[in-house]
Trainee: 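My questions will all concern the structure given below.
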Amino acid sequence: MAVQQVLEGAAQAVRSAFGEGTEVYAGRVEQGAQPPCVFLEAQEAARRPLPCGRVELTVRVSAVYLAQDAAQGEDAPRLGLEKLLEALAVVQTDGGPALRGSGVSGRVEDGTARAEAAYTAAAAEQTDVQTMETLQVALGAPAAERETEE
């Protein structure tokens with residue numbers, strides 16, 4: 001699992017929470033974005049080695065919601081924050097596990113809602129992890145012994 005997978009999972013969760021009327025931008029955003037919109041950024045917060053060539057990866061995702069003031073009223077940033085917090089609580093990664101956000105928090109400042117969460121998951125550090133059968137062949141275990149063991 002990579003940072004990009006977590007970011008895309010968070011973007012999908014935010015799209016579901018806000019609906020089609022709100023654009024969701026993942027990563028750095030160019031100028032010219034029109035509210036209502038959400039900006040998401042993710043960064044690797046920590047990496048810890050685990051046994052068997054695996055690694056525990058912690059990714060921190062931050063979200064900023066820009067409300068369209070005239071159409072949504074004064075409560076728009078607060079309502080946007082509630083949706084962000086709900087969306088970031090659990091993120092489904094593409095083809096991977098659902099990740100529960102830890103340290104999910106948010107605030108409204110100057111009419112802008114900001115939220116963040118951290119996600120931790122174990123992943124293979126390398127894509128060519130050897131299986132037990134591969135190790136048996138590499139160690140020279142006779143084919144007949146391998147077949148009878150199965």
Side-chain angles (χ1 to χ4, degrees), residues 1-139 150:
M1 176 177 56
V3 173
Q4 187 62 32
Q5 287 175 303
V6 175
L7 180 62
E8 189 52 44
Q12 199 59 25
V14 170
R15 282 185 194 102
S16 294
F18 281 88
E20 293 183 23
T22 302
E23 278 297 319
V24 178
Y25 300 98
R28 299 278 178 203
V29 178
E30 298 176 18
Q31 293 179 345
Q34 296 294 318
C37 58
V38 177
F39 302 104
L40 294 172
E41 282 195 69
Q43 63 184 12
E44 183 177 313
R47 181 178 288 262
R48 185 175 67 105
L50 296 173
C52 301
R54 295 179 63 81
V55 65
E56 181 182 80
L57 179 65
T58 301
V59 177
R60 178 157 291 291
V61 174
S62 60
V64 176
Y65 171 67
L66 299 179
Q68 190 173 20
D69 295 331
Q72 296 175 329
E74 292 179 10
D75 289 336
R78 184 186 54 77
L79 295 172
L81 178 60
E82 289 175 9
K83 288 181 181 180
L84 282 178
L85 295 174
E86 181 181 329
L88 295 178
V90 177
V91 167
Q92 177 66 49
T93 58
D94 188 33
L99 303 174
R100 182 169 300 280
S102 63
V104 180
S105 64
R107 64 194 176 283
V108 174
E109 292 177 343
D110 302 324
T112 302
R114 300 177 187 278
E116 58 182 37
Y119 305 93
T120 303
E125 190 161 28
Q126 51 187 335
T127 56
D128 59 341
V129 175
Q130 293 182 342
T131 62
M132 185 55 105
E133 183 175 316
T134 306
L135 291 175
Q136 288 175 335
V137 171
L139 293 174
E150 295 175 352

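Quick note: residue numbers are just sequence positions, from 1. Note that the structure is predicted; figures quoted are calculated from it, not measured.
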Trainee: Tell me the closest heavy-atom pair linking Leu40 and Ala11, and the distance in Å.
Mentor: CD1-CA, 3.3 Å
Trainee: Work out which heavy atom in Ala76 is nearest to a heavy atom in Ala67; give both atom names and the distance.
Mentor: CB-CB, 3.6 Å
Trainee: Within this structure, what is the OG1-CG distance for the pair Thr22 and Leu66, rounded to the nearest 0.5 Å?
Mentor: 10.5 Å
Trainee: Quick check on Glu86: does its CD atom have over 12 non-hydrogen neighbours (other residues, nucleotides or ligands) under 6.0 Å away?
Mentor: no
Trainee: Take atom CZ in Arg78; do more than 12 heavy atoms of anything else shown fall under 6.0 Å from it?
Mentor: yes
Trainee: Only one of Val6, Val91, Thr120 forms a side chain to side chain contact (heavy atoms under 4.5 Å, CB included) with Val59, so which one is it?
Mentor: Val6
Trainee: Is the side chain of Gln5 donor-acceptor paired with the backbone N or O of Ala2 at a distance under 3.5 Å, no angle test?
Mentor: yes
Trainee: Assess whether side chain to side chain contact (heavy atoms under 4.5 Å, CB included) is satisfied between Glu109 and Arg114, documenting all intermediate values.
Mentor: CA-CA 8 Å; Glu109 292 177 343; Arg114 300 177 187 278; 3.8 Å; yes
Trainee: Can you measure from OG (Ser105) to CG (Leu84) and round to the nearest 0.5 angstrom?
Mentor: 11.5 Å
Trainee: With the side chain counted from C-beta on, respond yes when Glu116 and Arg60 share a heavy-atom pair under 4.5 Å apart, and no when they do not.
Mentor: yes
Trainee: If we only count heavy atoms from C-beta on, is the Pro97 to Leu99 side-chain gap below 4.5 Å?
Mentor: yes
Trainee: Which pair of non-hydrogen atoms, one from Ala42 and one from Val61, has the smallest distance, and what is that distance?
Mentor: CB-CG2, 4.0 Å
Trainee: Can you tell me how far apart CG (Leu88) and OG (Ser102) are? Round to the nearest 0.5 Å.
Mentor: 11.5 Å
Trainee: Which heavy atom in Val55 sits nearest to a heavy atom in Arg47, and how many Å separate them?
Mentor: CG2-CG, 3.1 Å
Trainee: For Tyr65 and Pro36, indicate whether the former's side chain and the latter's backbone hold a donor-acceptor pair under 3.5 Å.
Mentor: no
Trainee: First locate atom CG of Asp94, then atom CD of Gln4, and finally report the distance between them rounded to the nearest 0.5 Å.
Mentor: 11.5 Å
Trainee: Taking all non-hydrogen atoms of both residues, which atom of Arg100 and which atom of Val90 are closest, and how far apart?
Mentor: NH1-CG2, 3.8 Å
Trainee: Pro77 and Gly111: which non-hydrogen atoms are nearest, and at how many Å?
Mentor: CG-O, 3.3 Å
Trainee: Kindly determine whether Val24 and Phe18 satisfy side chain to side chain contact (heavy atoms under 4.5 Å, CB included), including the steps that lead there.
Mentor: CA-CA 9 Å; Val24 178; Phe18 281 88; 5.7 Å; no
Trainee: Does any non-hydrogen side-chain atom of Gln34 lie less than 4.5 Å from one of Glu23?
Mentor: no
